[in-house]
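First comes the structure, then the notes that go with it.
In what follows, chains carry the letters A, B, and so on, assigned in the order in which the sequence lines appear, proteins first and then strands, with residues in each chain numbered from 1.
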Amino acid sequence: MDVRDGKLTHFTKVGRATKNAIFALHFKKVNMTINEIIQSAVITAIQELYGETITPEQATPTVTRKEFEGDFTIVTFPFTRFAKKKPGEIAEELGAHLVKNVQQLDRFNVVQGFLNLVVADSFWTNFLTEIADNEDFGKQPNNGQKVMIEFCSPNTNKPLHLGHVRNILLGWSCSQICEAAGYEVKKVQVINDRGIAICKSMLAWQKWGEGKTPESTGTKSDHFVGDYYVLFEQKFQEEYKVWQISTTGQAILDEKRKPEQADDQFFKDFKNTYFNEYSPLGKEAREMLLNWEAGDPDTMVLWRQMNQWVYDGFGATYQALGVSFDKYYYESDTYLLGKDIVEQGLASGVFYKKEDGSVWADLTDAKLDQKVVMRSDGTSVYITQDLGTAQMRYEDFGTEKMVYVVADEQNYHFQVLFEILKRLGEPYAAGLHHLSYGMVDLPSGKMKSREGTVVDADDLIAEVIEEARTASAERGELAELPKETQDDILRKIGLAALKFHIIKVGPQKRMVFDPKESVDLQGQTGPHIQYAYVRIKSVLRKAGEKLAKGNRQYSIESIELEPQEKELIAQLYRFPVAISTAANNYDPSEIANYCYDLAKAFHRFFTDLSILKAETEEAKLLRLELCGAVANVLKTGMGLLGIEMPERM
RNA sequence: GGCCCCGUAGCUCAGUGGAUAGAGCAUCUGCCUUCUAAGCAGAGGGUCCCUGGUUCGAAUCCAGGCGGGGUCACCA
């Protein structure tokens, strides 16, 4: 029997003979979860007891709160309507019926209208033996569907920062989660490698670079390019300041300043206009863009060189973060796409043309606005390109689902994009999803590149690893290991701290990133979870391989579980559900919270009960098997978040 | 102003129709001659933004406010 799909098969194992014939009536399949077994039994029981047919939803068991005895709880208040009895009475009758008819249920108790059901220990131990040696427990088999996930998608004029890190971690863990849920995943990004921004870096390097290179200056190559972008901004600001006090500048000020506007505020607002209409540097940059669009050979050489430096630098950061992509889409290739879609849309009446030649989509009946999809001069806008790339990607991969990991400032854009694709009748339109996430703030406020308050990705990674090094040195646990092994462990710990700190927050929420907290190693953190794994590995090493694997001598039917053991097993049982939920909602924080809960349950178990010196040999074997299963799930679960587990720490 | 997102302990966050709302950090108290104390146990700390509504039952759903953020370009 294959348990990889997360549905368990205890029927066949423990024998489904006499008591539960009712299941055969309602469910043909044998691999139901305990939740489903209880659910169907409740439906049957209510039918038999009160002659009422209830929905599966009304019969859904919830996890019993820990202050009461029991594993699952049925709320009987909704049944009073037809049962004509008090909730407590219904619970008693229902409980008796369920325990009589469901073999996996051992006993029940009633508190108010809450029916608490106790699942037999043998159910849990059976489950444990089924999954103990399955390192892939929780992962589901291929479901034949494909999903494409777009994430990161940087500009090529400056290095990656904290905002990209959140995006990358979300996108990467979503990819891993979808894969675990049975999808074939294609990870892609679209790189904004063209436009005025990269021209600024190019121009600055050409004018003031003196032929320097990343190699000659010993600078990481994407930072090298970013430095010239900053240099351009500096030179431009100097030029602008001089202009502001010039005769021309003052004349413009007098002419255009609104009465309520202060002088410096006016010049701040006027900056873009100055760049486009007055600035000599701006003129040069725009000329460079025109040269690029014309395919001027010298400009192309420079452009390729600058971008290559950036890609080399990005590559190093991706590697440090442990992420990779299946395909890169470059805007220099795609920025002209979408015109054929516009033609199609015009023909089918989804779009209409205004007198000036511009093409529009009227989405007002979908509570969206009118949206231009082609300028009057026939050139594409941002959304035209997205229309084109969506189609291109579908042709490339045939993915039923496409997920865009993009910050929430673009919510409206994606609403419009998806609505248009729907109206165009694209076959993949129903599978489009914008994984929108909140911006990352610092305790000091918003990140602003112009004010130099941006947290650089490479700096951040280096910092968390250094912090792990300091903390480790105090503990001294790693001192005797080879330096290479130590470095590997410290890298895993530091990155776990950083990644978990970001992923544990639900995507939708704007988050405050405190660098001090991101390097915390205690409490609700990545290293806390790694530590549970390390403790297990240490015990298993001491127990020896023979005891750790196979060789289970204990009798499943007779063993009595301690509460800490049962809690751990029940937690393991929820893992497949956590993966499905995370995949369906595109929400990695679901997995992060699951892993933390499991690690917490393990630490409690580890503190309260002795493994190697258990009271009986049977208990020892069961606990070792439990340890192994917890280690597998922690490793798989954290792996879904892109977090590696060390063997020692 | 229209639309969208967020509002839960001092701070960072879980919880989205069920029982007395939970973790971590910070503060305080215990627990290492016993499997790694990056751990465990306990204490204090709450107007779940406000007001109304639906429901046997609301932090959760609905309406209206308040506060914060985003967005409303022939920019990307």
- prompt: To the side chain of Q410(A), which of rC35(B), rA76(B), rA19(B) is closest?
  reply: rA76(B)
query: Across the strands shown, which category fits G113(A) at heavy-atom distances under 4.0 angstrom: base, sugar-phosphate, nothing?
result: nothing
query: Which part of the nucleic acid does L609(A) contact within heavy-atom distance under 4.0 Å: base, sugar-phosphate only, or nothing?
result: base
- prompt: Could you state the CG-C1' distance from D597(A) to rG15(B), rounded to the nearest angstrom?
  reply: 11 Å
query: Ring of F68(A) versus six-membered ring of rA19(B): centres under 5.5 Å and planes under 30°?
result: yes
query: Where each residue is assigned the nucleotide of RNA chain B containing its nearest heavy atom, which of W360(A) and Q112(A) is assigned the position nearer the 5′ end?
result: Q112(A)
statement: Going 5' to 3' through nucleotides 36-43 of chain B and flagging B where a protein heavy-atom sits under 4.0 Å of the base, S where only the sugar-phosphate is that close, and - otherwise, we get BSBSSS--
Parallel, tilted or perpendicular: ring planes of W303(A) versus W292(A), cut at 30 and 60 degrees: perpendicular
- request: Find the partner of rG67(B): check Watson-Crick (N1-N3 plus N6-O4 or O6-N4) and G-U wobble (N1-O2, O6-N3) distances, both under 3.5 Å, and reply none if neither fits.
  value: rC6(B)
query: Which nucleotide in the list rA76(B), rC25(B), rA14(B) gets nearest to the side chain of D520(A)?
result: rC25(B)
- request: Check every strand shown and say whether N192(A) touches a base, only sugar-phosphate, or nothing at a heavy-atom separation below 4.0 Å.
  value: sugar-phosphate
field: Rounded distance (Å) that lies between atom P of rA76(B) and atom CD of Q385(A)
entry: 8 Å
- prompt: Using a cut-off of 4.0 Å on non-hydrogen atoms, how would the nucleic acid contact of K446(A) be classed: base, sugar-phosphate, or nothing?
  reply: sugar-phosphate
- prompt: Just one of Y586(A), F151(A), F418(A) clears the ring-ring contact (aromatic ring centres under 6.0 Å, His included) bar with Y404(A), so which one?
  reply: F418(A)
- prompt: If you measure from the ring centre of F77(A) to the centre of the six-membered ring in the base of rG57(B), is it under 5.5 Å, with the planes under 30° apart?
  reply: no
field: Check: R286(A) side chain, N276(A) main-chain N or O, donor-acceptor pair, under 3.5 Å
entry: yes
- prompt: Over how many whole Å does the gap from R510(A) atom CZ to rU8(B) atom C1' extend?
  reply: 19 Å
- prompt: Is it true that E293(A) and R194(A) make a salt bridge, defined as a side-chain N closer than 4.0 Å to a carboxylate O?
  reply: yes
task: Figure out the CZ/C1' separation between F72(A) and rG18(B), and round it to whole Å.
output: 17 Å
